[in-house]
Participant: 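Encoded as structure tokens, here's the structure I'll be asking about.
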There are 4 protein chains.
Amino acid sequence: MDAIFEATIQLLLADGLPRLTTTRVAERAGVSVGTLYQYFPHKQALLYALNERYLDALADRIEATCLAHHGVSLRVMIDALIETYWKAKTERADVTRALYRTAVELDNEALIEDFAARVDAATLAMLASASDWTGQDLAGINLTLVTVIFGTVRNAFERNLPPAAIETLRDHLLRMCHAYLSSAGKRHGPADVGG
Amino acid sequence: MDAIFEATIQLLLADGLPRLTTTRVAERAGVSVGTLYQYFPHKQALLYALNERYLDALADRIEATCLAHHGVSLRVMIDALIETYWKAKTERADVTRALYRTAVELDNEALIEDFAARVDAATLAMLASASDWTGQDLAGINLTLVTVIFGTVRNAFERNLPPAAIETLRDHLLRMCHAYLSSAGKRHGPADVGG
Amino acid sequence: MDAIFEATIQLLLADGLPRLTTTRVAERAGVSVGTLYQYFPHKQALLYALNERYLDALADRIEATCLAHHGVSLRVMIDALIETYWKAKTERADVTRALYRTAVELDNEALIEDFAARVDAATLAMLASASDWTGQDLAGINLTLVTVIFGTVRNAFERNLPPAAIETLRDHLLRMCHAYLSSAGKRHGPADVGG
Amino acid sequence: MDAIFEATIQLLLADGLPRLTTTRVAERAGVSVGTLYQYFPHKQALLYALNERYLDALADRIEATCLAHHGVSLRVMIDALIETYWKAKTERADVTRALYRTAVELDNEALIEDFAARVDAATLAMLASASDWTGQDLAGINLTLVTVIFGTVRNAFERNLPPAAIETLRDHLLRMCHAYLSSAGKRHGPADVGG
DNA sequence: CATGAATGAGTGTTCATTCAT
DNA sequence: TATGAATGAACACTCATTCAT
């Protein structure tokens with residue numbers, strides 16, 4: 001079954017969704033079509049499972065990061081969050097893009113909502129434990145951070161920016177989040193003055 | 001030809017890309033398939049033109065906004081930029097999503113790059129004219145603002161957030177951009193303190 | 001479309017239903033599969049239409065026979081009815097059998113009921129006009145005659161009886177019907193004594 | 001093996017031949033496909049055996065009836081024959097119809113011929129022993145009776161006639177056979193006058 | 001001897017595209 | 001130039017059958 005997933009991703013990357021046929025997936029995975037259909041009742045089910053697997057793994061990583069950073073300062077939290085998400089995207093940037101393309105034939109809203117819910121909960125819990133937080137409306141701030149970070153990273157990768165620009169962008173994104181938190185209620189200890 | 005575009009969007013919204021056939025588009029548009037093929041040599045060409053039209057119109061609006069805001073303060077610029085993009089997305093949120101789904105069958109990287117280039121140029125020129133700018137690395141800041149704003153807005157709409165959350169988010173996004181600019185080198189005039 | 005019907009019958013006769021594929025039908029008919037599907041939305045629709053055509057034609061013939069024999073004696077009526085049905089079966093005995101085999105993939109009860117209703121009505125009207133009828137329960141007699149004649153003829157052909165046996169059978173069937181009518185209330189004119 | 005037969009009939013009745021797969025038969029029978037293939041080398045073999053079993057049992061019953069009525073009057077013989085066949089059909093009318101549908105995938109002419117031969121022999125022997133027979137051409141009469149009775153009964157059940165009509169029909173069929181025999185050479189004892 | 005995962009040829013069906021009218 | 005019937009390659013999916021365990 002992992003072979004099937006792997007084959008699917010490879011074909012998606014090589015030829016795109018329109019040329020992704022069950023027969024070719026099976027062939028590349030080294031199994032017969034029949035076997036593929038024993039694991040997945042539809043082509044859609046395969047695509048869905050692939051997305052699920054990816055999003056679950058990503059959520060796992062984000063949850064782990066959040067859990068590992070309870071109680072630290074907001075700055076460190078944001079650094080860690082961006083680092084984790086950025087790394088996940090960078091490591092398999094191609095896979096990520098391949099999966100985005102998959103969404104057309106899918107009703108994966110449930111998947112995305114589940115993912116978002118897990119991430120929201122994890123980041124919210126982390127932020128709530130921050131050692132230097134004094135402000136209010138944590139939920140709004142959490143929503144903003146998550147949406148901005150994820151949206152920005154995705155956009156950055158979709159635009160095919162050159163690595164240098166990507167680096168710059170990441171750096172600026174960090175600073176932006178810090179500036180935002182400073183202005184939004186972080187306790188202004190001396191270390192943070194100047195964002 | 002406009003009828004064809006309109007029919008395409010309607011079908012895309014109603015049934016999704018997988019059920020978008022040239023025959024049905026022609027039918028809905030009130031022409032024959034043959035005629036459709038007179039205008040567009042491929043199905044892809046139709047989809048490509050549709051995206052092009054949409055992105056061109058969007059770029060037009062952004063350029064207009066930028067042009068109209070040369071010389072004002074950064075804060076006003078950012079407000080205008082977010083306002084414009086947000087409005088464009090909101091007005092035809094469904095169409096936007098329909099078109100995103102269209103991308104699978106397309107090699108529309110060129111389209112996106114053209115769009116990005118136009119927007120980058122327009123926003124950069126606008127920012128460069130800001131009355132209250134003192135910092136450096138304008139290009140980096142421009143890239144960051146554009147990527148963050150567009151990525152965030154897209155993400156917000158894709159997540160199907162409730163209107164209240166969307167409003168909150170927009171408000172926070174604004175504040176985030178302001179905080180970022182303040183920290184990045186905006187001339188600290190009295191009016192902006194506390195951004 | 002007639003070519004498609006003809007091709008279907010030929011293939012049915014040559015290879016049986018299990019090997020009747022839409023592709024082969026189209027091939028044999030000299031059209032493309034696509035064209036076949038323009039005429040018939042399903043394989044089932046093709047089979048259904050084929051049966052419909054056959055049963056309609058058969059009902060037409062039986063109705064014509066009945067109409068042509070209003071007012072004559074019962075004996076002549078029966079002769080004509082058996083003659084017509086027998087001839088229809090004999091003429092295209094193979095087609096008939098081919099179509100029977102078709103029924104598996106079909107919900108053709110409606111078809112059969114329509115056919116039966118038409119035949120029942122036609123024969124009933126004919127019998128009611130008989131010059132020599134004195135008995136009662138015409139409906140029961142009609143039902144019996146129709147069921148016996150059609151059931152017997154079908155059975156005879158399905159059993160693959162040799163032509164000689166078939167002839168004998170037909171002769172006996174006639175006599176049987178006459179004897180039945182004599183006993184059931186036919187006016188006993190001298191001509192009919194001894195059935 | 002009986003479980004397999006039973007499962008086959010159940011599935012045939014529930015879903016029809018097109019949805020009858022070896023896997024489902026095995027499942028329903030509580031065995032594995034492998035085991036099913038130990039008993040029957042093909043799917044066809046299973047269907048063939050099923051028909052064989054059914055026809056053998058039916059022939060058994062008819063033979064028993066015939067044997068039990070040697071030496072009695074023709075009228076009683078006919079009554080018994082119709083009774084037996086009618087009962088067999090009525091008892092498992094659904095099974096009967098299920099099996100008819102099975103024939104498409106089968107070359108069961110041999111089966112039918114064997115059945116017919118057994119029945120013909122049994123009824124012929126019975127008729128030959130009739131206490132009141134004086135006519136000739138017993139073979140022709142036998143063929144006629146068997147074909148008419150079996151054809152009629154089958155037709156009656158296939159037409160889905162309401163129970164009342166079925167009863168009427170059966171009654172008329174009896175009278176028809178009697179009238180036929182009377183006219184064909186039965187010794188005219190007083191008891192039989194008036195058919 | 002029983003199992004049931006694996007096989008893959010074969011099926012019904014769709015749809016982008018063409019071209020005679 | 002507009003039409004839409006015809007095309008046929010290509011696809012998702014099924015299921016009788018096999019064979020390693």
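Chain identifiers are assigned alphabetically (A, B, ...) following the order of the sequence lines, protein sequences preceding nucleic acid strands; residue numbering begins at 1 within each chain. Predicted model, so just to flag it, every value in this text is computed and none were measured.
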Participant: Answer yes or no: is there an ion pair linking Lys89(C) with Asp94(C), defined by an N-O contact shorter than 4.0 Å?
Facilitator: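 Answer for the salt bridge query: no.
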
Participant: Atom CG of Asp15(C) and atom C1' of dT11(E): how far apart are they, to the nearest Å?
Facilitator: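 For the pair Asp15(C) CG and dT11(E) C1', the rounded distance is 15 Å.
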
Participant: Find the distance Arg24(A):CZ to dA12(F):P and express it as a whole number of Å.
Facilitator: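 So the two atoms are 10 Å apart, to the nearest Å.
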
Participant: Rounded to the nearest 0.5 Å, how far does CZ of Arg154(C) lie from OH of Tyr100(C)?
Facilitator: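 Reported value, rounded in 0.5 Å steps: 4.0 Å.
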
Participant: Could you check which of dT7(F), dA6(E), dA2(F) has an atom nearest any side-chain atom of Gln38(A)?
Facilitator: dA6(E)

Participant: If you define the side chain from C-beta out and look only at heavy atoms, does anything of Arg28(C) sit under 4.5 Å from Leu11(C)?
Facilitator: yes

Participant: If only side-chain N and O atoms of Ser32(C) are considered, is one of them under 4.0 Å from the OP1 or OP2 phosphate oxygen of dT7(F)?
Facilitator: yes

Participant: In whole angstroms, how far is the C1' atom of dA5(E) from the CD1 atom of Ile4(A)?
Facilitator: 12 Å

Participant: Between atom CG in Leu46(C) and atom C1' in dT13(E), what is the gap in whole Å?
Facilitator: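 In whole Å, dT13(E) C1' lies 14 Å from Leu46(C) CG.
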
Participant: Between dT1(F) atom P and Leu36(B) atom CG, what is the distance in whole Å?
Facilitator: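 Rounded to the whole Å, the gap is 15 Å.
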
Participant: Given Watson-Crick or G-U pairs with both distances under 3.5 Å, what dot-bracket string fits DNA chain E, with | for other-strand pairs and [ ] for crossing?
Facilitator: .||||||||||||||||||||

Participant: Is the closest side-chain heavy-atom distance between Arg92(A) and Tyr54(A) below 4.5 Å?
Facilitator: no

Participant: Could you measure the distance from the CG atom of Leu36(A) to the OG1 atom of Thr23(A)? Nearest 0.5 Å is fine.
Facilitator: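 OG1 of Thr23(A) is found 9.0 Å from CG of Leu36(A).
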
Participant: Between Arg118(D) and Glu113(D), is there a side-chain N and carboxylate O pair less than 4.0 Å apart?
Facilitator: no

Participant: For nucleotides 15-19 of chain E, which of its nitrogen or oxygen atoms have a protein nitrogen or oxygen under 3.5 Å away, and what is each distance?
Facilitator:
from: dA16(E); atom 1: OP1; to: Lys43(B); atom 2: NZ; distance (Å): 3.1
from: dA16(E); atom 1: OP2; to: Thr22(B); atom 2: N; distance (Å): 2.7
from: dA16(E); atom 1: OP2; to: Thr22(B); atom 2: OG1; distance (Å): 3.0
from: dT17(E); atom 1: OP2; to: Tyr37(B); atom 2: OH; distance (Å): 3.1
from: dT17(E); atom 1: OP2; to: Lys43(B); atom 2: N; distance (Å): 3.0

Participant: Who passes side-chain contact (heavy atoms from CB on, under 4.5 Å) against Phe150(A), sequence neighbours left out?
Facilitator: Ile62(A), Tyr85(A), Phe115(A), Val119(A), Val146(A), Asn155(B)

Participant: Leu47(C) has an atom CG; how far is it from atom P of dG12(E), in whole Å?
Facilitator: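 Answer to the nearest Å: 10 Å.
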
Participant: Give, for atom CD of Glu109(B) and atom CG of Asp114(B), the distance between the pair rounded to the nearest 0.5 Å.
Facilitator: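 If we round to the nearest 0.5 Å, Glu109(B):CD and Asp114(B):CG are 12.0 Å apart.
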
Participant: Decide yes or no for Tyr37(A) and His42(A): does some side-chain heavy atom of the first lie under 4.5 Å from some side-chain heavy atom of the second?
Facilitator: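 When only atoms from C-beta onward are counted, His42(A) and Tyr37(A) do not touch, as no gap falls below 4.5 Å.
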
Participant: Look at the side chain of Thr35(B) and decide which nucleotide, out of dA6(E), dA2(E), dA2(F), has an atom nearest to it.
Facilitator: dA2(F)

